[in-house]
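Have a look at the structure below, then the notes.
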Amino acid sequence: MLTNNPCFCGSEKIFANCCQVFIENNEIKAIYPENPEQLMRSRFSAYALGNGQYIYDTYAKISQASQSVKEINDWGKSCTWIALKIHAINNNSNTIYNEYSDQFVEFSAFYITDNTLCELRENSRFILENVPSNPVILENNAEEKQNLQWRYIDGDIIEHSELKQIKRKDLCPCNNYPTAWSIKKGKKFKQCWDT
Ligand SMILES: [Zn+2]
Ligand SMILES: [Zn+2]
């Protein structure tokens, strides 16, 4: 079962105890990422799962205008998401909440597309947004509380490069990344990803 597999984000937790609680949230008992790092990790996991809706929903409002779920899915599903590596975090969740934060996560996402292993290294920016509460939740609260959630604004791409061509008989690149989530490490590429 997927829920007992290592989480896609490379946290070394199982999926059920990591990004699944955010991605398969239900609004009645909502659990949201507490800081930019958790949000960033869960967005990578959503790419690995092909869940474009979650990725769209966790864009900041100002960024959603230039996105569509279909475009996110088209690109996300054309890639095999191998591993996430986090390089640096400014991730202080005790910071006084303000709309514009200087919180960032610098990461590399490794993926394969067209038989080519690629690295996308990015410094991501985040914002804490007030998201209107679900009406069902509101009924149980006399007063509407602020419902602050972390959202992804955009990122500066530091590097976006093709690392190498992968042949189906080659050892799978997931073997080179300690944070790769594949449970078939040690296999050839075709054995690792063919279903
Ligand atoms: Zn995770
Ligand atoms: Zn592999």
Side-chain angles (χ1 to χ4, degrees), residues 1-26 29-59 72-73 76-93 103-124 126 149-152 155 161-195:
M1 278 274 286
L2 194 61
T3 53
N4 292 320
N5 286 356
C7 191
F8 304 97
C9 77
S11 62
E12 298 186 338
K13 297 179 201 162
I14 62 167
F15 182 51
N17 292 341
C18 193
C19 295
Q20 189 176 33
V21 297
F22 308 125
I23 295 170
E24 294 177 16
N25 212 343
N26 76 59
K29 194 186 170 199
I31 302 170
Y32 298 105
E34 286 175 14
N35 53 50
E37 181 191 356
Q38 283 184 349
L39 176 59
M40 195 269 127
R41 286 178 174 279
S42 67
R43 284 171 54 90
F44 177 87
S45 294
Y47 271 113
L49 284 163
N51 186 337
Q53 187 67 52
Y54 180 81
I55 294 161
Y56 179 84
D57 290 344
T58 53
Y59 268 106
I72 295 167
N73 272 331
K77 288 179 180 173
S78 71
C79 305
T80 299
W81 297 87
I82 302 281
L84 173 69
K85 183 176 178 189
I86 299 211
H87 301 289
I89 302 166
N90 177 8
N91 198 22
N92 181 3
S93 50
Q103 305 212 20
F104 67 87
V105 178
E106 184 181 337
F107 69 91
S108 289
F110 298 92
Y111 64 91
I112 293 170
T113 187
D114 291 334
N115 300 311
T116 306
L117 177 65
C118 301
E119 176 179 5
L120 171 63
R121 183 166 179 156
E122 183 186 296
N123 196 353
S124 294
F126 299 86
Q149 295 174 24
W150 283 107
R151 296 290 163 93
Y152 170 80
S161 52
E162 297 184 351
L163 301 178
K164 68 183 264 207
Q165 291 290 118
I166 310 290
K167 296 193 189 74
R168 287 169 54 75
K169 289 181 183 170
D170 289 349
L171 193 65
C172 181
C174 73
N175 294 286
N176 300 326
Y177 298 105
T179 56
W181 53 273
S182 171
I183 54 171
K184 297 188 195 162
K185 284 187 184 178
K187 302 274 188 183
K188 293 175 179 168
F189 179 55
K190 63 172 183 173
Q191 293 168 318
C192 207
W193 299 105
D194 282 0
T195 47

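Remember, it's 1-based here, ligands and their atoms both numbered in the order they're listed.
Only protein N, O or S atoms were considered, and those under 2.8 Å from the Zn ion (ligand 1) are Cys7 SG, Cys9 SG, Cys18 SG, Cys19 SG.
Annotation: cation-pi geometry not satisfied between Arg43 and Phe22 (NZ/CZ under 6.0 angstrom from ring centroid, within 45° of ring axis).
Within the 6.0 Å centre-distance limit, the rings of Phe15 and Phe8 are counted as a close aromatic pair. Taking the six-membered ring where the residue is Trp, the centroids of Trp181 and Trp193 are separated by under 6.0 Å.
In terms of heavy-atom proximity, Ser182 sits nearest to Lys185 at O-CG, 3.7 Å.
The side-chain contact (heavy atoms from CB on, under 4.5 Å) test with Pro6 is passed by exactly one of Ile183, Ile14, Thr179: Ile183. Among the candidates Ile55, Leu49, Thr58, the single residue satisfying the side-chain contact (heavy atoms from CB on, under 4.5 Å) test with Ile23 is Leu49.
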